[in-house]
**Student:** 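Have a look at this one before I ask anything.
Keep in mind that what you see is a predicted model, and the values were worked out from it rather than measured. So you know, we letter chains A, B, ... as the sequences are listed, proteins then strands, and number each from 1.
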Protein chains: 2
Amino acid sequence: MRNKKVGCAKFGFKMSNILYAVFLYLLMDNSASGYELSEELSKVGIDPSYIPSGIAYRLLRDMEANGLLVSKWETSGSGPAKRVYKITESGKKYLEAWLVEAKRNLQTMENLIGLIERRLKDE
Amino acid sequence: MRNKKVGCAKFGFKMSNILYAVFLYLLMDNSASGYELSEELSKVGIDPSYIPSGIAYRLLRDMEANGLLVSKWETSGSGPAKRVYKITESGKKYLEAWLVEAKRNLQTMENLIGLIERRLKDE
DNA sequence: TTCTGTTATGTGTAAAATACACATAGGTGA
DNA sequence: TCACCTATGTGTATTTTACACATAACAGAA
């Protein structure tokens with residue numbers, strides 16, 4: 001397929017936002033490093049190999065820059081130092097707001113998919 | 001929020017694909033012009049003002065280039081000429097395949113949203 | 001007859017998001 | 001000392017999305 005240029009979000013699920021939510025969710029219980037978080041993606045049904053580690057790290061740094069997380073270096077333990085992330089109050093608020101919007105988007109997609117499914121069934 | 005660079009689709013709903021599906025769905029019943037299709041977006045719960053007309057036209061041309069639609073000029077009737085689109089067999093197949101994938105993605109999102117909702121509830 | 005509004009189709013390009021590949025470095029054990 | 005595992009990060013090309021603008025036929029009013 002050739003190049004597509006389309007435009008217009010406001011409608012849906014954006015990957016970066018989904019991953020924001022996933023990491024925030026995973027950090028609700030315990031602090032964790034980027035490496036650990038990447039591995040824990042399978043807990044929410046996402047194949048970790050879909051998310052190259054470089055991308056996860058960049059995302060986490062952005063989340064920290066946006067105040068959703070804070071990090072500190074952990075040098076104890078074996079192996080190289082880890083940057084361990086912890087969720088902030090602002091991060092929790094973000095997750096709550098994301099949930100509200102995601103539920104609305106889910107509803108829109110359900111309606112659309114339902115329409116199309118019914119239309120294709122009675123062909 | 002500052003610039004985010006994230007990566008990794010394979011996971012979800014891409015706007016252009018959703019609009020492909022919506023236009024194909026709308027064209028299942030009747031042929032229509034880009035202008036008409038833009039207005040009919042409200043039929044599937046999408047506010048037409050979300051999709052600037054320039055974007056809809058470009059998308060339809062792309063869909064034709066990809067063999068999902070065919071068009072012809074309609075000069076009869078009043079007002080300027082219309083490019084009227086009709087769905088192809090390939091377009092129908094695309095829509096069917098989209099539906100299967102969309103249902104899977106919907107399921108993934110439902111699971112994720114459910115997890116997060118339950119976690120936030122018992123805070 | 002020209003000016004304004006409506007229908008109708010398109011293009012150019014800046015900005016943002018995504019994909020892919022590469023770079024760095026500490027520690028462990030053969 | 002070399003390979004391997006853990007761990008974090010950067011560079012940049014490509015693709016997607018957003019926003020603004022350009023074109024043109026026709027209708028009706030001034």
Side-chain angles (χ1 to χ4, degrees), chain A residues 1-21 23 31-41 46-66 69 71-85, chain B residues 1-20 22-23 31-41 46-66 69 71-85:
Chain A
M1 293 241 182
R2 62 165 248 242
N3 184 27
K4 282 168 278 179
K5 291 194 179 181
V6 203
C8 32
K10 326 187 168 176
F11 186 43
F13 300 105
K14 201 167 53 171
M15 197 59 211
S16 53
N17 291 340
I18 295 172
L19 287 176
Y20 266 44
F23 286 141
S31 298
S33 68
Y35 193 86
E36 288 159 349
L37 288 168
S38 284
E39 293 194 317
E40 285 177 9
L41 287 174
I46 299 175
D47 181 345
S49 69
Y50 278 1
I51 318 293
S53 58
I55 282 166
Y57 290 121
R58 187 140 42 189
L59 190 63
L60 289 164
R61 301 302 293 274
D62 284 338
M63 292 174 74
E64 183 169 23
N66 290 326
L69 304 176
S71 73
K72 57 169 195 266
W73 284 100
E74 193 183 288
T75 44
S76 66
S78 74
K82 297 175 179 184
R83 182 189 287 280
V84 175
Y85 289 97
Chain B
M1 292 242 182
R2 61 166 249 237
N3 184 26
K4 284 168 277 181
K5 292 194 180 182
V6 200
C8 33
K10 322 185 171 181
F11 184 43
F13 300 104
K14 201 167 53 171
M15 196 58 211
S16 52
N17 291 340
I18 295 172
L19 286 176
Y20 267 43
V22 168
F23 286 140
S31 297
S33 67
Y35 193 85
E36 289 159 350
L37 289 167
S38 284
E39 292 193 319
E40 285 177 10
L41 288 173
I46 299 176
D47 181 346
S49 69
Y50 278 2
I51 318 296
S53 58
I55 282 164
Y57 290 121
R58 187 139 42 190
L59 189 64
L60 288 165
R61 300 302 294 274
D62 284 338
M63 291 173 74
E64 184 169 22
N66 290 329
L69 305 177
S71 72
K72 57 169 194 267
W73 284 99
E74 193 183 288
T75 45
S76 65
S78 75
K82 297 174 180 185
R83 183 190 286 280
V84 175
Y85 289 97

**Student:** Hey, what are the protein-to-nucleotides 3-8 of chain D N/O distances that come in under 3.5 Å?
**Tutor:**
unit_1: D:dA7; atom_1: OP1; unit_2: A:Lys82; atom_2: NZ; d: 3.4
unit_1: D:dT8; atom_1: OP1; unit_2: A:Arg83; atom_2: N; d: 2.8
unit_1: D:dT8; atom_1: OP1; unit_2: A:Arg83; atom_2: O; d: 3.4
unit_1: D:dT8; atom_1: OP2; unit_2: A:Tyr35; atom_2: N; d: 2.7
unit_1: D:dT8; atom_1: OP2; unit_2: A:Tyr57; atom_2: OH; d: 3.0

**Student:** Whole angstrom is fine here: how far is it from CZ in B:Arg58 over to P in D:dT15?
**Tutor:**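 So the two atoms are 16 Å apart, to the nearest Å.
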
**Student:** Write down the distance between CG (A:Leu59) and P (C:dT18), rounded to a whole number of angstrom.
**Tutor:**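 Those two atoms, CG and P, are 10 Å apart.
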
**Student:** In whole angstroms, how far is the C1' atom of D:dT15 from the CE atom of A:Met15?
**Tutor:**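 That distance rounds to 16 Å.
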
**Student:** With the criterion being N/O to N/O and under 3.5 Å, what pairs connect the protein with nucleotides 2-4 of chain C, and how long is each?
**Tutor:**
none

**Student:** B:Glu74 has an atom CD; how far is it from atom P of C:dT7, in whole Å?
**Tutor:**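 In whole Å, C:dT7 P lies 16 Å from B:Glu74 CD.
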
**Student:** Separation of A:Lys14 atom NZ from C:dA16 atom P, in whole Å?
**Tutor:**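 That distance rounds to 10 Å.
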
**Student:** side-chain contact (heavy atoms from CB on, under 4.5 Å) between A:Leu69 and A:Phe23: does it pass, once the steps are laid out?
**Tutor:** CA-CA 10 Å; A:Leu69 304 176; A:Phe23 286 141; 5.6 Å; no

**Student:** In whole angstrom, give the distance that lies between atom CD1 of B:Ile51 and atom P of D:dT16.
**Tutor:**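 Checked: the CD1 to P distance equals 16 Å.
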
**Student:** Test A:Leu41 against A:Tyr50 for side-chain contact (heavy atoms from CB on, under 4.5 Å), laying out the working first.
**Tutor:** CA-CA 10 Å; A:Leu41 287 174; A:Tyr50 278 1; over 6 Å; no

**Student:** Could you tell me if the side chain of A:Leu19 sits less than 4.5 Å from the side chain of A:Met63, heavy atoms only?
**Tutor:**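 Contact flag for A:Met63/A:Leu19 side chains = no.
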
**Student:** Could you state the interatomic distance from CD (A:Glu64) to CZ (A:Arg61), rounded to the nearest 0.5 Å?
**Tutor:**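 So the gap between those two atoms works out to 6.5 Å.
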
**Student:** Output the rounded distance in Å from CG (B:Asp62) to P (D:dT15).
**Tutor:**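 For the pair B:Asp62 CG and D:dT15 P, the rounded distance is 13 Å.
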
**Student:** CD1 of B:Ile55 versus C1' of D:dC21: gap in Å, rounded?
**Tutor:**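 Rounded to whole Å, this separation is 13 Å.
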
